[in-house]
Amino acid sequence: MIQRPRGTRDFGPAEMARRRAVEQAMREACHRFGFGEVVTPTFEQSELFTLRSGEAIVDEMYVFKDKGDREMALRPEITASVIRFFVNEMSNLPKPLKLYYVGNCFRYENPQSGRYREFFQLGAELIGNENPETDAEVISLAVESLRATGLQDFNVRIGHIGILKSLVLEGIDDQALAGNVLRMIDKGDFDALAQTLETNGVTGNLMESITGIAGTKGSIDVLQSVDETKANEHLRELFEILKLQGIDDCQLDLGIVRGLDYYSGMVFEIDAPRLGAEKQVLGGGSYTLSELFGGEPVFSTGFAIGLDRVMLALEAEKELPEYSPIDAYVVPTEDAMRKYAFAIVAKIRAKGLRADVDLMRRSMSKNLKYASSMAARYAVIVGKDEMAKRSVTLRDMESGEQRQVPADFAADELEKALNAPRKHPLSSVPQRGIP
RNA sequence: GCCGGGGUGGGGUAAUGGUAUCCUUGGGGACUGUGGAUCCCCUGACCCGGGUUCGAUUCCCGGUCCCGGCCCCA
């Protein structure tokens, strides 16, 4: 037996139906915001990712040399590819440029809850500006994408890298030391940070300022406790725009330190408290990556959603609906009726309904049992008596009610009967049986 | 990379130093148009490798995979 690679998963029909419905809900949110889909390669030159994130990430990537001796890597994320695409071929398009993507990513990590070696992300990048409106648009899309899936329990935290960054760069002349300090803040290692500042003779109350800012959390009002800066004004405007769009429960968190290396302005994270250790479902912020890849400096803001974690969070929140791959199952009562069953199923399928027919040459009772186990909404019974009148029997598998209808109108009748209103994107999602 | 807990048919389980229980699913039959029931039959498992032993699914070691946590999280 060949084992599935560590940290990867197989998805059966029931689970895929759920995943696709969630993905579709997010895609539609992107479309409502005017974002267009892009698809980039699953593998890229390793350099694309090391340029963005540093050489150290090679240890956490699937890297390999291709037959032309080129250093390649399975993508560990998709933002870098999108920006490469932008720099290479889309830099002259009118701004702002609104792009989104969905795809699988790979990281060589130790799997645990909500963490896999192959995982799925949906993300968006808004390229063109760094003003609060841009950030608001992206955060708004992030929140709406999650809401569209039906997820309810999640927290939005928004911060700004610029505040800590400028504080450190102003307080420390030595560039290398400043870089180290930023990395230590990134790691949250304040003990080591205090020690480093002391041994390097950094004067004043820089340490206090840093811990003060990193600990600034709560409503936007707590900004008053921080010295007035351009970043403060930016955040105030951002929160105001979000509020006007009905997004008023965001928390300010200046301690967010997402990859200080390349995020330059606003940063934000969303987590689902019902998940375990890996509860962050989304992360994003504004950055200026394009220069790194040889393009003009252009501001962008983006985010990536962990699709797998959203699925886990949804499962933790509510029961998922039953899965049914078919609307109607056509049952011949005897062998002589089998050929007519095919004619009937073809008509139903032509209507756009999901229909199936007995291929196993089973008895009628076994077929009804099968239809039941598939959670088919209707059985279409094709029998001798019915055919004599050019009709079939529609059996509601839930109620057991039956009625005869002309064979030529069976598909129309089914369509009418099945045309129930859909309340929620997930309520139409079938799931059952097959894992 | 580190720590803890686990691997018995497709799924869920029981017992055991002498190769295995039960449930479920799947296939078939009785059943000759509502049996979606009931009854019967069948397929199908001890994660891999080494060690101890007359004999290992069971005990020991290593590996691997799963679950959870740490680190990390672009």
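All chains are named by letter (A, B, ...) in the order of the sequence lines, taking the proteins before the strands, and each is independently numbered beginning at 1.
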Between P on B:rA74 and CZ on A:Arg115, what's the gap in Å once rounded to a whole number? 10 Å
Could one point to a donor on the side chain of A:Gln402 or the base of B:rU34 with an acceptor on the other under 3.5 Å away? yes
Integer angstrom distance from the P of B:rU8 to that of B:rC66: 14 Å
With no hydrogens and no angle check, do the side chains of A:Gln404 and A:Lys389 hold a donor and an acceptor under 3.5 Å apart? yes
Between the base of B:rG36 and the side chain of A:Glu398, is there any donor-acceptor pair under 3.5 Å? no
When the distance from CD of A:Glu278 to P of B:rC71 is rounded to whole Å, what number comes out? 10 Å
Watson-Crick or G-U wobble partner of B:rG33, both distances under 3.5 Å: none
Can you check the distance between B:rC59 and B:rU53, where both ends of the measurement are the C1' atom (answer in whole Å)? 10 Å
Using atom P of each nucleotide, how far apart are B:rA15 and B:rG35 to the nearest Å? 41 Å
In whole angstroms, the gap separating P of B:rU32 from CG of A:Asn367 amounts to 16 Å
Here the distance between atom P of B:rU25 and atom OH of A:Tyr370, to the nearest Å, is 15 Å
Sugar-phosphate only, base, or nothing, as touched by A:Asp59 at under 4.0 Å among non-hydrogen atoms: nothing
Given B:rG36, B:rG33, B:rA74, which nucleotide is nearest the side-chain atoms of A:Pro76? B:rA74
Rounded to whole Å, CD1 of A:Ile381 lies from P of B:rG35 at a distance of 10 Å
Distance check needed: B:rA74 P versus A:Phe268 CZ, whole Å only. 13 Å
Using atom P of each nucleotide, how far apart are B:rA14 and B:rG51 to the nearest Å? 31 Å
Could you please name the partner base of B:rU8, counting Watson-Crick and G-U wobble pairs only when both distances are under 3.5 Å? none
Do you see a donor-acceptor pair shorter than 3.5 Å between the side chains of A:Asn232 and A:His160? no
Any side-chain donor near an acceptor of the partner, A:Glu386 and A:Ser391, under 3.5 Å: no
For atom P, what is the distance between B:rG26 and B:rG10, given to the nearest Å? 15 Å
If we take the P atom in both B:rC47 and B:rG9, what is their distance in whole Å? 7 Å
Once hydrogens and angles are ignored, does a donor-acceptor distance under 3.5 Å link the base of B:rG36 to the side chain of A:Arg395? yes
Does A:Glu269 come within less than 4.0 Å of A:Arg157, counting only side-chain N to carboxylate O? yes
Expressed as a whole number of angstroms, how long is the span from A:Lys366:NZ to B:rC31:C1'? 9 Å
Using the P atoms only, state how far B:rG63 lies from B:rC3, rounded to an integer number of Å. 11 Å
Relative to each other, are the rings of A:Tyr329 and A:Tyr370 parallel, tilted or perpendicular (30° and 60° limits)? tilted
Say you pick atom P in B:rA56 and the same atom in B:rG50; how far apart are they, in whole Å? 12 Å
A:Leu275 CG to B:rG68 P, in whole Å, measures 11 Å
